[in-house]
There are 2 protein chains.
Amino acid sequence: MEKNDKQHKFAVIATDIVIFTIKNRELCVLLIKMGKEPFKGLWAVPGGLVKSNETVDSSAKRNLFKIVKKKDVFLEQLYTFGKIDRDPSGRVVSVAYFALLHDPDIFIKASNDNESIYWFPVNSLPKLAYDHKEIIHFAVERLRAKLTYTNIMFSLLPKEFTLSELQKKYEIILCEKLDKRNFRKKIMALNLVKKTDKRTSGKAHRPAHLYQFAQRSPKLIPLF
Amino acid sequence: MEKNDKQHKFAVIATDIVIFTIKNRELCVLLIKMGKEPFKGLWAVPGGLVKSNETVDSSAKRNLFKIVKKKDVFLEQLYTFGKIDRDPSGRVVSVAYFALLHDPDIFIKASNDNESIYWFPVNSLPKLAYDHKEIIHFAVERLRAKLTYTNIMFSLLPKEFTLSELQKKYEIILCEKLDKRNFRKKIMALNLVKKTDKRTSGKAHRPAHLYQFAQRSPKLIPLF
DNA sequence: CCAAAAGTGTTGCGGTTACACCCATGT
DNA sequence: ACATGGGTGTAACCGCAACACTTTTGG
């Protein structure tokens, strides 16, 4: 490895976090409106520079926690973006992560009224700062891919849920309709969920059974 | 994004390249013997710091090209390793890449006799510097995974090859024996290769047909 | 003629897909 | 009673795995 001749000759590192949820039957990402130039008025995913006393993963967790005051949030490294001019204020390489939230209402409102923070459907994003459009598209593709061979969907659902809710979320993210009977057969065959003795109520139709996940740790399982 | 208060408070970036080939029926990685402390005598994958005038990808290509004077080498970003103490000489985050070579003899011999460079089978690695053991294991897993849903094996084979050679390389990397007839059926059904009119000769057995790849660009194809 | 690897089809099984009707509740 | 989503089984089809012998060459 080369000698680190002059610190300023080299690039520094930031982490950027693409936070997903499903809201109003759409896959959404959390964006912050930038209050300062050069991107004033544009939107960006949360992030910040990696400090010398923290790991890259810690930096990602810290930047996520600035927005989402909750532990046990799914967070995974996505890809590292290293174009030279991606940040006009200097040479910054971004290690992007993606996170999954089942509850769209647990993020922190911005205190500074120059800043706003909102969920945007991935299909109608506003104008984005930096290379964040590319990062978000990358994250959506990764999410779709991982849905089909892991159980990470678990991170997008509350503790208890109906099988129809589960199916609906798969359909929203994968953008395809699934057969109800085949879907249930597959989910049950994998022993991923277990039935509780509770049911939904208050709706003008037959109540649905509520289910829980049998295991909440990430697992590789071909689903589709 | 935060303000970059003091340059030295933040981490800098290196790229490290895990270069694979298949040699003597084993999956091997290219390692360099370190000539200086603190890792003198240990081995490491090639790499170097990312300069302020190059992208991270360019840095990876440059560091690969220092060793392998050849264009059109498969090179893909692997993962970013960001533990605090992974480099004792300072805060360095490593963006790891992996590369695939079909010919184990095209790397450059070290000019400096303090340095040596060799292929090591991934199953008998020497003592490694930094966190390179972890990086190599990560790369092997990624390689195995991608073999089963892409056509990147193409990068590990010469222009012309027999189906038996192709099968043997799959078996070596995946560590499992494959059925000859089923393997050929699948490969042919995918239209990945085309038969040439050449054959092998000089061996004390029936000559084999030589094949070429129908397409040399990366493609997503479930293979196993 | 012997050794060594090349080349070639069929069958059975299991998992995936396609598909339609009755049930329980709220209004 | 009616509207709404919940819940259930079967049959056809397809892809995958298992499996053994003949062919061609060099020595």
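In the text below, chain A, chain B and the rest are named by the order of the sequence lines, each starting its count at 1. Below, all heavy atoms of this structure are taken into account, side chains as well, without hydrogens, waters or symmetry copies.
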Checklist line | B/E171 side chain to B/L178 backbone, donor-acceptor under 3.5 Å | finding: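 Answer holds: yes.
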
Note to self: Taking A/T21's backbone N and O only, do any of them form a donor-acceptor pair with A/W119's side chain (distance below 3.5 Å, no angle check)?
What the structure shows: no

Next item on the list: Give me the first and last nucleotide of DNA chain C, going 5' to 3', that has any atom under 4.0 Å from a heavy atom of chain A.
Entry: C/dT17 to C/dG26

Check: What salt bridge (Lys or Arg N to Asp or Glu O under 4.0 Å) pairs are there with at least one residue in residues 122-146 of chain A, not counting sequence neighbours?
Finding: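 Applying salt bridge (Lys or Arg N to Asp or Glu O under 4.0 Å) to every pair that reaches into residues 122-146 of chain A, excluding sequence neighbours, yields A/E76-A/R142, A/E76-A/K146, A/K83-A/E134, A/R86-A/D131, A/E141-A/R144.
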
Next item on the list: Quick one: the dot-bracket string of DNA chain D, using Watson-Crick and G-U wobble pairs with both distances under 3.5 Å, [ ] for crossing pairs and | for bases paired to another strand.
Entry: |||||||||||||||||||||||||||

Check: Among A/D87, A/T15, A/D16, A/T80, whose side chain to side chain donor-acceptor pair (under 3.5 Å) with A/S94 holds?
Finding: A/D16

Checklist line | Evaluation steps, side chain to side chain contact (heavy atoms under 4.5 Å, CB included), between B/I117 and B/I32 | finding: CA-CA 4 Å; B/I117 183 165; B/I32 298 173; 3.9 Å; yes

Check: What are the residues of residues 157-169 of chain A, sorted by number, that bring a heavy atom to within less than 4.0 Å of DNA chain C?
Finding: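 Those residues whose heavy atoms fall under 4.0 Å from DNA chain C, taken from residues 157-169 of chain A, amount to none.
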
Next item on the list: Can you sort out which residues in residues 202-210 of chain B have a heavy atom within less than 4.0 Å of DNA chain C? Ascending by number, please.
Entry: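 Here the set is B/A204, B/H205, B/R206, B/P207, B/A208, B/H209.
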
Can you sort out the partners of [X] under ring pair (Phe, Tyr, Trp, His ring centres under 6.0 Å), two or more places apart, ordered by chain and number?
{"X": "A/F74", "answer": "A/F98"}
{"X": "B/Y79", "answer": "B/F81, B/F138"}
{"X": "B/F154", "answer": "B/F213"}

Next item on the list: Applying side-chain contact (heavy atoms from CB on, under 4.5 Å) between B/I221 and each of B/T148, B/N191, B/L190, report the one that passes.
Entry: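 Only match with B/I221 under side-chain contact (heavy atoms from CB on, under 4.5 Å): B/L190.
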
Margin query: Which residue is it: A/L64, A/L100, A/L75? I am looking for the one with a side-chain contact (heavy atoms from CB on, under 4.5 Å) to A/I19.
Written below: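 Testing each of A/L64, A/L100, A/L75 against A/I19, the sole residue satisfying side-chain contact (heavy atoms from CB on, under 4.5 Å) is A/L64.
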
Note to self: Going 5' to 3' along DNA chain D, between which two nucleotides do contacts with chain A fall, using a heavy-atom cut-off of 4.0 Å?
What the structure shows: D/dA3 to D/dT10

Next item on the list: Apply side chain to side chain donor-acceptor pair (under 3.5 Å) to the pair B/R184 and B/S164, showing each step before the final yes or no.
Entry: CA-CA 9 Å; B/R184 287 169 185 235; B/S164 293; 3.3 Å; yes

Check: Taking only residues two or more places apart in sequence or in another chain, which ones pass side-chain contact (heavy atoms from CB on, under 4.5 Å) with B/R199?
Finding: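 For B/R199, the residues satisfying side-chain contact (heavy atoms from CB on, under 4.5 Å) (neighbours in sequence not counted) are B/P207, B/H209.
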
Checklist line | Residues that B/T196 engages under side-chain contact (heavy atoms from CB on, under 4.5 Å), provided they are two or more places apart | finding: B/E160, B/K198, B/L210, B/Q212

Check: Think A/K71 forms a cation-pi with A/F65, using NZ or CZ under 6.0 Å from the six-ring centre and within 45 degrees of its axis?
Finding: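 Flagged: A/K71 positioned over aromatic ring of A/F65.
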
Checklist line | Positions of residues 179-187 of chain B (non-hydrogen atom under 4.0 Å from DNA chain D), listed by number | finding: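 Here the set is B/D179, B/R181, B/N182, B/K185.
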
Margin query: Take a 6.0 Å sphere around NZ of B/K219 and say whether it holds more than 12 heavy atoms from other residues, nucleotides or ligands.
Written below: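 Result for NZ/B/K219: open.
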
Next item on the list: Would you indicate whether B/Y118, at its atom OH, is surrounded by more than 12 heavy atoms from other residues, nucleotides or ligands within a distance under 6.0 Å?
Entry: no

Notebook entry, point to check: Where is the tightest heavy-atom contact between B/A14 and B/V92, given as atom of each residue plus distance?
Noted result: CB-CG1, 3.7 Å

